[in-house]
Amino acid sequence: MNGPRVRFAPSPTGYFHVGSARSALFNWFIARQSPDGVFILRIEDTDTDRNREEWVDGIVSAMAWLGLDLDAGPFRQSANHVAHTDATQRLLDGGYLYFCDCTGDDVAARKGDNKTPGYDGFCRDRGLARGERTALRFATPRTGATVVPDLIRGDVEFQNIVIDDFVVAKSSGAVLYALANVTDDRNDAITHVIRGEEHLPNAPKQMLLWSALNAVTGVDVPLPAYAHLPLLVNEQRKKLSKRKDPVATESYRDEGYLPEAFVNYLALLGWSPRGDEEIVPRQTLINEFRLEDVSHSPAFFDVKKMRSFNGEYIRRLSLDEFLAAVAPWVRPWATNWQPTDRTVPWTKEQFDEALFTRVAPLVQERVAVLSEVPSMVAFFFLDTAPYDDADFAKTIANDPLNQALLAAAIERFASEEWNATSLHASVVELGEAMGLNLRKAQAPIRCAVTGSLVGPPLFESLEFLGRERTLTRLREALERCSA
RNA sequence: GGUCCCAUCGUCUAGUGGCCUAGGACAAUACCCUCUCAAGGUAUAGGCACGGGUUCGAAUCCCGUUGGGACUGCCA
């Protein structure tokens, strides 16, 4: 029982941020590197004004989707409030805390051009007792320095004089993040605190709190190792914002990213596996990951690259795996999970599973995300082809020669042997008779049958669609011209 | 303003004093393949922010400059 004990401690205040997903992943790597490693999910929900239960569900299901399995939890930090208030009382008794009745305006007014940040310790020696508007502050040392031994960055030194007397408990009695987090980390015997770089300035405060708690409880829990991950930034090199940037992990799932691809890409933000190969199995990521190798500088979350990875992962799927993966987008009525805000172009009755199974290999190598599949195969299931008006006008409506070719095709296809090879040969001949190469000759047929100029290979598509439906569509296209 | 962090192709990174005329991946461009679109193949272009040191030798170590970022809440 002396393996690493790590925790992922998000606050449920919104969608599951991709940066959070990466923090969770790196924590999970550390836990999974040891047979007795422990990965804990702790929901930090002490701010009752901002937390919503649905966001907790979002975190839990997103982590399950990514395959980040838990050894303990999910726990609610709010469930530990007795431990938090107990810790507060002990610190108060031990002389580490004092009451303060300053309002935010008071603090700001007194600050003036004082160069040290935050609160100036005005109430530290006023000997205030608990009152209706008294918050509890931690009396930070005024001399010396606190060194955060960061596994990624090395020692980071903070002069104690610049660490202000931060609030530990609100006047309402509610214990705040800094103390709640440290109390829980001590109780959980966390060995590695792995989190975003925005928490680096919190680290010395929490170390001070940790040591004070050790002294005041008589229980000497060793300090955890710290690792502050480089931030994920947008194109403007600013921290990824929930409001302005596409950061919701859920939305990538809805779009049809594979969890393995998502995990692989996330792992590459601030770290890289050995050698020149970037697409590597999860087990390799686990085996090779080292906090000491994580880069120090912010990383841009590049959706383009992730798309490319996802396409690669999709192409590596077996047919059965692909069919299973794409099911929520093509037959959502039969799956446990459905992407939100996506409508399928066909009805349950129109969908033909056997036909889709034959068609699937054609689209599997053509999509980067699974949500692209429906529009690519819709013409197989819809009663009439979903026409792209511009394509239709260009290749059929305004092109008499192509109309003649369609008429010839109708004649020829009526008796043609119905397979891709012979259809291919017959369109070559049809084209030659009219002085068209295959590239030109296939276009009007493709447009008439599939509705657009781009799509899966034409002759296989015709074979799968069948003679009758193909002929019907060719006729409909011609009728559409004269209408 | 203060504290702290950071700095290799457009982007993510390899690189831990000589293996670097700096490697890979995504994106870009060209060509090949080809029934469209993709995929695949081949090739091209593109980078050590700047200035000082240290050293026989620096992308790698030190200092400074510049630039970027995080934090600076009775949020987490």
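Worth knowing before you read on, the calculation uses all heavy atoms, side chains too, and leaves out hydrogens, waters and symmetry mates. Just so it is clear: chains get the letters A, B, ... in the order the sequence lines come, proteins before strands, and each one is counted from 1.
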TODO: Please confirm whether the backbone N or O of Leu231(A) pairs with a side-chain atom of Glu198(A), one donor and one acceptor, at under 3.5 Å?
DONE: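 No, the answer is negative, given that no donor and acceptor are paired below the 3.5 Å cut-off.
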
TODO: Would you check if the side chain of Asp150(A) reaches a backbone N or O of His228(A) as a donor-acceptor pair within less than 3.5 Å?
DONE: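 Here the side-chain-to-backbone pair exists.
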
Tell me the interatomic distance from [X], atom [atom1], to [N], atom [atom2], rounded to whole angstroms.
| X | N | atom1 | atom2 | value |
| --- | --- | --- | --- | --- |
| Glu235(A) | C26(B) | CD | C1' | 13 Å |
| Asp302(A) | U13(B) | CG | P | 11 Å |
| Ile279(A) | C26(B) | CD1 | C1' | 10 Å |
| Leu438(A) | U36(B) | CG | C1' | 10 Å |
| Arg316(A) | A38(B) | CZ | P | 21 Å |
| Asp184(A) | A76(B) | CG | P | 12 Å |
| Phe8(A) | A76(B) | CZ | P | 16 Å |
| Leu269(A) | U11(B) | CG | P | 14 Å |

With a 3.5 Å cut-off and heavy atoms only, can you find an N or O donor on one side and an acceptor on the other between the side chain of [X] and the base of [N]?
| X | N | result |
| --- | --- | --- |
| Gln159(A) | C4(B) | no |
| Arg153(A) | C5(B) | no |
| Lys304(A) | A27(B) | no |
| Arg237(A) | U11(B) | no |
| Asn202(A) | A76(B) | yes |

Mind listing the closest non-hydrogen atom pair of [X] and [Y] along with its distance?
| X | Y | answer |
| --- | --- | --- |
| Tyr177(A) | Arg195(A) | OH-NH2, 3.3 Å |
| Tyr252(A) | Val18(A) | CE1-CG1, 3.9 Å |
| Cys123(A) | Leu128(A) | SG-CD2, 4.1 Å |

When the [atom1] atoms of [N] and [M] are considered, how many whole Å apart are they?
| N | M | atom1 | result |
| --- | --- | --- | --- |
| A70(B) | G52(B) | C1' | 29 Å |
| G47(B) | U72(B) | C1' | 35 Å |
| U42(B) | A27(B) | P | 15 Å |
| U8(B) | G1(B) | C1' | 33 Å |
| G68(B) | U36(B) | C1' | 46 Å |
| G69(B) | C33(B) | C1' | 47 Å |
| C61(B) | C19(B) | P | 16 Å |
| C48(B) | U29(B) | C1' | 24 Å |

Open item on the list: Please compare Pro457(A) and Gly270(A) by the position of their nearest nucleotide in RNA chain B and report the one closer to 5'.
Closed with: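 It is Gly270(A), whose closest nucleotide lies nearer the 5' terminus.
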
Open item on the list: For Tyr177(A) and Lys239(A), find the nucleotide of RNA chain B closest to each by heavy atoms; which residue's nucleotide sits nearer the 5' end?
Closed with: Lys239(A)

Applying a 4.0 Å non-hydrogen cut-off, can you work out what [X] is touching in the nucleic acid: base, sugar-phosphate, or nothing?
| X | result |
| --- | --- |
| His228(A) | nothing |
| Ser452(A) | nothing |
| Pro456(A) | base |
| Glu44(A) | sugar-phosphate |
| Glu460(A) | base |
| Glu365(A) | base |
| Glu157(A) | sugar-phosphate |
| Leu458(A) | base |

- [ ] Cation-pi check, Arg307(A) to Phe309(A): give yes when NZ or CZ is under 6.0 Å from the six-membered ring centre and within 45° of the ring axis, no otherwise.
- [x]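 No, Arg307(A) does not sit over the ring of Phe309(A).
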
Ignoring the backbone of [X], work out which of [options] is nearest its side chain.
| X | options | answer |
| --- | --- | --- |
| Ser171(A) | C12(B), C74(B), C5(B) | C74(B) |
| Asp276(A) | C37(B), G24(B), A76(B) | G24(B) |
| Leu176(A) | U36(B), C35(B), C74(B) | C74(B) |
| Lys305(A) | C75(B), C12(B), C35(B) | C12(B) |
| Glu198(A) | A70(B), A38(B), A25(B) | A70(B) |
| Leu231(A) | C74(B), A70(B), C12(B) | A70(B) |
| Ser297(A) | C12(B), C75(B), C6(B) | C6(B) |
| Phe309(A) | C35(B), A25(B), U13(B) | A25(B) |
| Ala299(A) | U13(B), U3(B), C5(B) | U13(B) |
| Val162(A) | U3(B), C5(B), C35(B) | U3(B) |

Phosphate oxygens OP1/OP2 of [N]: is one of them under 4.0 Å from a side-chain N or O of [X]?
| X | N | result |
| --- | --- | --- |
| Arg439(A) | U36(B) | yes |
| Arg137(A) | C74(B) | yes |
| His296(A) | C5(B) | no |
| Arg315(A) | G40(B) | yes |
| Thr46(A) | A76(B) | yes |
| Lys238(A) | A70(B) | no |
| Thr13(A) | A76(B) | no |

- [ ] Any chance you could measure Asn181(A), atom CG, to Trp210(A), atom CH2, to the nearest 0.5 Å?
- [x] 9.0 Å

TODO: Would you give the length of the straight line joining atom CD1 of Ile314(A) to atom CD of Glu321(A), rounded to the nearest 0.5 angstrom?
DONE: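 Taking CD1 in Ile314(A) and CD in Glu321(A), the distance rounds to 12.0 Å.
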
TODO: Determine which nucleotide pairs with C4(B), using a 3.5 Å limit on both distances of a Watson-Crick or G-U wobble pair.
DONE: G69(B)

Task: Watson-Crick or G-U wobble partner of A25(B), both distances under 3.5 Å - done: U11(B)

Task: CD/Glu235(A): more than 12 non-hydrogen atoms of other groups inside 6.0 Å - done: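 It does not: Glu235(A) CD has 12 such atoms or fewer within range.
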
Open item on the list: We want to know whether Asp184(A) and His84(A) form a side-chain donor-acceptor pair, criterion being a heavy-atom distance below 3.5 angstrom.
Closed with: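 Side-chain D/A pair, Asp184(A) to His84(A): present.
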
